[in-house]
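Let me begin by presenting the structure, written as structure tokens, before commenting on it.
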There are 2 protein chains.
Amino acid sequence: MRYSQQREIIRDIVFSTNSHPTADWVYGKAKKSMPNISLGTVYRNLKQLTDQHIIKTIYDGTIARYDWNKESHDHLKCVDCGEMVDIQTSNRERLKTVVNDKHNFDITDVEITFIGKCHKHNKKEKKE
Amino acid sequence: MRYSQQREIIRDIVFSTNSHPTADWVYGKAKKSMPNISLGTVYRNLKQLTDQHIIKTIYDGTIARYDWNKESHDHLKCVDCGEMVDIQTSNRERLKTVVNDKHNFDITDVEITFIGKCHKHNKKEKKE
DNA sequence: ATTTAAATAATAACAGTTCCTATTATTAGA
DNA sequence: TCTAATAATAGGAACTGTTATTATTTAAAT
Ligand SMILES: [Mn+2]
Ligand SMILES: [Mn+2]
Ligand SMILES: [Zn+2]
Ligand SMILES: [Zn+2]
């Protein structure tokens with residue numbers, strides 16, 4: 001994989017945020033420093049970076065997001081604002097072992113997403 | 001929601017399989033008993049059935065699948081054949097509570113997908 | 001039976017993503 | 001340092017899964 005300025009910019013953008021950005025968001029950012037970068041280039045590089053295990057691709061409903069955090073970790077997702085934050089689930093590895101033993105499946109990974117409302121949206125409304 | 005023959009067929013198809021079918025697969029099946037049903041009708045009804053909590057929509061990577069099983073449960077996914085099977089994870093509810101308490105998030109649900117290889121593909125190769 | 005509105009088939013529109021191709025840029029080697 | 005080979009690019013077309021539009025059909029209440 002040969003060096004390219006575009007790929008460096010794209011990589012840096014993904015590493016600059018905890019927001020699990022979409023390709024389109026990365027594209028918007030990238031255009032600021034390189035006005036005629038193309039969306040195709042962004043997608044191609046995000047895929048290459050994923051293949052090289054430099055970033056991770058995660059799926060949020062029906063769209064792809066990108067994550068610089070390659071550690072095995074889980075996510076918390078707000079149904080109101082879509083915000084997605086990292087979380088460390090304690091039993092993670094044990095879960096995998098348990099399932100591996102119980103089923104005829106060779107488990108390599110587990111993806112856990114907690115769905116709910118972030119502090120901005122879980123204002124507990126008092127009845128009355 | 002008024003009765004329709006199309007919706008009944010679609011519902012029955014989803015309830016007839018454990019394979020977590022895609023809209024397109026349901027469409028193919030439905031055409032057998034109702035040759036000029038349209039794909040739009042399939043999508044519209046799958047969404048309605050989901051809204052009525054008669055079935056569940058789940059996302060597999062970037063595409064939607066449908067599940068008659070409304071119990072809270074998890075999935076095992078084979079990276080080789082894409083097969084997706086139901087699984088009951090024991091600590092599920094406790095996981096939610098723990099996360100709820102630790103983070104400023106009001107958790108309503110958790111989605112757990114185990115990634116691996118099903119028995120058809122996990123033939124353990126002995127290093128010679 | 002008549003009326004009303006929900007549901008349909010057909011098809012266009014859409015969003016996210018991948019693919020294509022002529023041009024440009026990186027880099028290994030002379 | 002210049003050149004040649006070719007990886008990567010910009011721009012745009014194509015593709016895929018899904019949703020929206022609309023004229024027509026259908027369920028079902030009166
Ligand atoms: Mn993350
Ligand atoms: Mn299921
Ligand atoms: Zn929120
Ligand atoms: Zn398999």
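This one's a predicted model, so the numbers in the text were calculated from it and none came from an experiment. First the proteins, then the strands, lettered A, B, ... as listed; each starts at 1.
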**Study point:** T41(B) side chain to R44(B) side chain, donor-acceptor N/O pair below 3.5 angstrom
**Key:** yes
Review point. Any link between L95(B) and V85(A) through a network of hydrophobic side chains (Ile, Leu, Val, Met, Phe, Trp, Tyr) touching at under 4.5 Å?
Key: yes
Review point. Atom CD1 of I58(B) and atom P of dT18(D): how far apart are they, to the nearest Å?
Key: 12 Å
Point to revise | From D74(B) atom CG to I87(B) atom CD1, the distance as rounded to the nearest 0.5 Å | key: 6.5 Å
Check your understanding: Should the ring pair H20(A) and H75(A) be called parallel, tilted or perpendicular, given that the plane angle runs from 0 to 90° and is split at 30 and 60?
Key -> perpendicular
Point to revise | Positional range of nucleotides in DNA chain C within the contact set of chain B, heavy-atom, under 4.0 Å | key: dA5(C) to dA10(C)
Review point. Any side-chain heavy-atom pair from F105(B) and K117(A) closer than 4.5 angstrom?
Key: no
Check your understanding: Under a 4.0 Å heavy-atom cut-off, which of residues 1-14 of chain B touch DNA chain D?
Key -> R2(B), Y3(B)
Check your understanding: Is it the case that one hydrophobic cluster holds both M84(A) and I115(A), taking links as side-chain heavy atoms less than 4.5 Å apart, direct or via other members?
Key -> no
Practice item. Return yes if a side-chain donor-acceptor contact under 3.5 Å exists between D67(B) and H73(B), otherwise no. Key: yes
Check your understanding: Taking atom types as modelled and ignoring hydrogens, do the side chains of D86(B) and N18(B) form a donor-acceptor contact shorter than 3.5 angstrom?
Key -> no
Practice item. Please step through side-chain contact (heavy atoms from CB on, under 4.5 Å) for the pair V14(B) and L49(B), ending with a clear verdict. Key: CA-CA 10 Å; V14(B) 174; L49(B) 291 167; 5.7 Å; no
Review point. For Q48(A) and D51(A), does a side-chain donor sit closer than 3.5 Å to a side-chain acceptor?
Key: no
Practice item. Output the residues of residues 32-52 of chain B in contact with DNA chain D, where contact means a heavy atom of the residue under 4.0 Å from an atom of the strand; sort by number or write none. Key: L39(B), Y43(B), K47(B)
